[in-house]
There are 2 protein chains.
Amino acid sequence: MDSATAREQALDAAESLFYGRGIQSVGMDDIRGASGVSLKRLYQLFPAKEHLVEAYLERRDVRWRGRLAEYVERQPDPERRILAVFDWLEEWFGEADFRGCAWINSYGELGARSERVAEQVRAHKRAFRDYLASLVAGAGLPDALTGPLYLLAEGAMVTAGITGGTRPATEAREAARSLVAAR
Amino acid sequence: MDSATAREQALDAAESLFYGRGIQSVGMDDIRGASGVSLKRLYQLFPAKEHLVEAYLERRDVRWRGRLAEYVERQPDPERRILAVFDWLEEWFGEADFRGCAWINSYGELGARSERVAEQVRAHKRAFRDYLASLVAGAGLPDALTGPLYLLAEGAMVTAGITGGTRPATEAREAARSLVAAR
DNA sequence: CATGCTGGAGAACGCACGTTCTCCCCTGCT
DNA sequence: AGCAGGGGAGAACGTGCGTTCTCCAGCATG
């Protein structure tokens, strides 16, 4: 097995375990068991657990925002694109392994201890907010709409993580529709 | 020192340490050092760390909702009471030791591992949402407003926790005002 | 004074886990 | 065949920490 695929398998295992059970309750030995990559190799690829955590968050960030953008951009009407964000949230919340926002959870777990993780979370949230801002601008709507829409989306994510279910997404979409309609 | 004050001092130390640094990174020995309550006594009062964590969350829940209600009820106009919730959030976010919502953070840290903690978080959020619902009803507004207001508040809490600052509260208040105005 | 109880200080224990080390097999080269 | 090197399995090591235990000082009681 070459390095590149070992790295991918390690990250696959890390993502499913870290996201599903939390970071601190997953040991490097669990990663080895789930990935089939030996400890020796794991430590060659990631010199410490924290590096693996960062690589996990980074790869998930790219994929998460990619999936969102891909979904949203199937919608040609620029104003409806904004609401499509909430449709996508609803789909996400409904996935069987959904367990909340990985960054919010990681921040609760490690934000106070690891400045690197805290900064990755801030960067992810900044990127998401900027993306919303670009959709608002693309629809010709006032920039002041971005903040409220962002807060609705964050509230939906944290609530869906805690209580489960897709209802937070539909509530957020209706509120977003109302805000957009009110200009 | 009698049991009751030892218990209070232990909980004071637990609250400031757990909230400020996260639960898992605070050891029982740190609690002892900060509270002056010996390990032996700590374990008499709380048979395991998890009990202390639960007592911390429970006492904080009572106090947090008490402070909120006290602030809100100073406002006589029932519609303005709803906005007062966001004013109070702004004050809270501005406190020097503010580090996000204790329950959201605890959920990220322990939600996947401790069903007791997860249930306490859900109960706290349910109580907060029910309180918002009572304000909405008290103002004679449609119940459908509760969900969006709740999501705005949650989004503001999580965002203020991650990025710091009071701006999420003002953004949420403006959005709330707009939703209330639109009926 | 002797005796027994309470509670504090902190050592000790056990375990989990991040990280490193040892041993050995396998493979490819000469 | 002989051998060097990479990689796997898993033991070993060090540390942190939850929990318990030991020891002793202080104090109330006969």
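These numbers were taken from a predicted model, which means no experiment stands behind them. Worth knowing before you read on, the calculation uses all heavy atoms, side chains too, and leaves out hydrogens, waters and symmetry mates.
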Legend entry - Salt bridge R126(B)-D130(B), side-chain N to carboxylate O under 4.0 Å: no
Legend entry - Y19(B) six-ring face occupied by R60(B) cation (under 6.0 Å, within 45°): yes
Legend entry - Residues, nucleotides or ligands: over 12 heavy atoms within 6.0 Å of R80(A) CZ: no
Inset, instruction - Figure out the OH/C1' separation between Y43(B) and dG8(C), and round it to whole Å. - result: 16 Å
Legend entry - Whole-Å gap separating P (dG7(D)) and CG (L42(A)): 13 Å
Legend entry - Salt-bridge criterion met for R63(B) and E70(B) (N-O under 4.0 Å): no
Inset, instruction - Please report, rounded to the nearest Å, how far the P atom of dG16(D) is from the CZ atom of R113(A). - result: 12 Å
Inset, instruction - Classify the ring geometry between Y150(B) and F128(B) as parallel (under 30°), tilted (30 to 60°) or perpendicular (over 60°). - result: tilted
Inset, instruction - Mind telling me whether W103(B) and W64(B) have parallel, tilted or perpendicular rings, with 30° and 60° as the class edges? - result: perpendicular
Inset, instruction - For the residue pair R41(A) and Q9(A), confirm or rule out a side-chain donor-acceptor distance under 3.5 Å. - result: no
Legend entry - Positions of residues 23-41 of chain B (non-hydrogen atom under 4.0 Å from DNA chain D), listed by number: V26(B), G27(B), M28(B), L39(B)
Legend entry - Pairing of R59(B) and E8(B) as salt bridge, 4.0 angstrom limit: yes
Inset, instruction - Return the value, rounded to whole Å, for the distance between atom NZ of K49(B) and atom C1' of dG16(D). - result: 11 Å
Legend entry - F46(B) CZ to dG18(D) P, straight-line distance once rounded to whole Å: 15 Å
Inset, instruction - Specify the separation, in whole Å, of atom CG of L45(B) and atom P of dG7(C). - result: 10 Å
Inset, instruction - Please work out which residues in residues 5-20 of chain A have a non-hydrogen atom less than 4.0 Å from an atom of DNA chain D and list them by number. - result: none
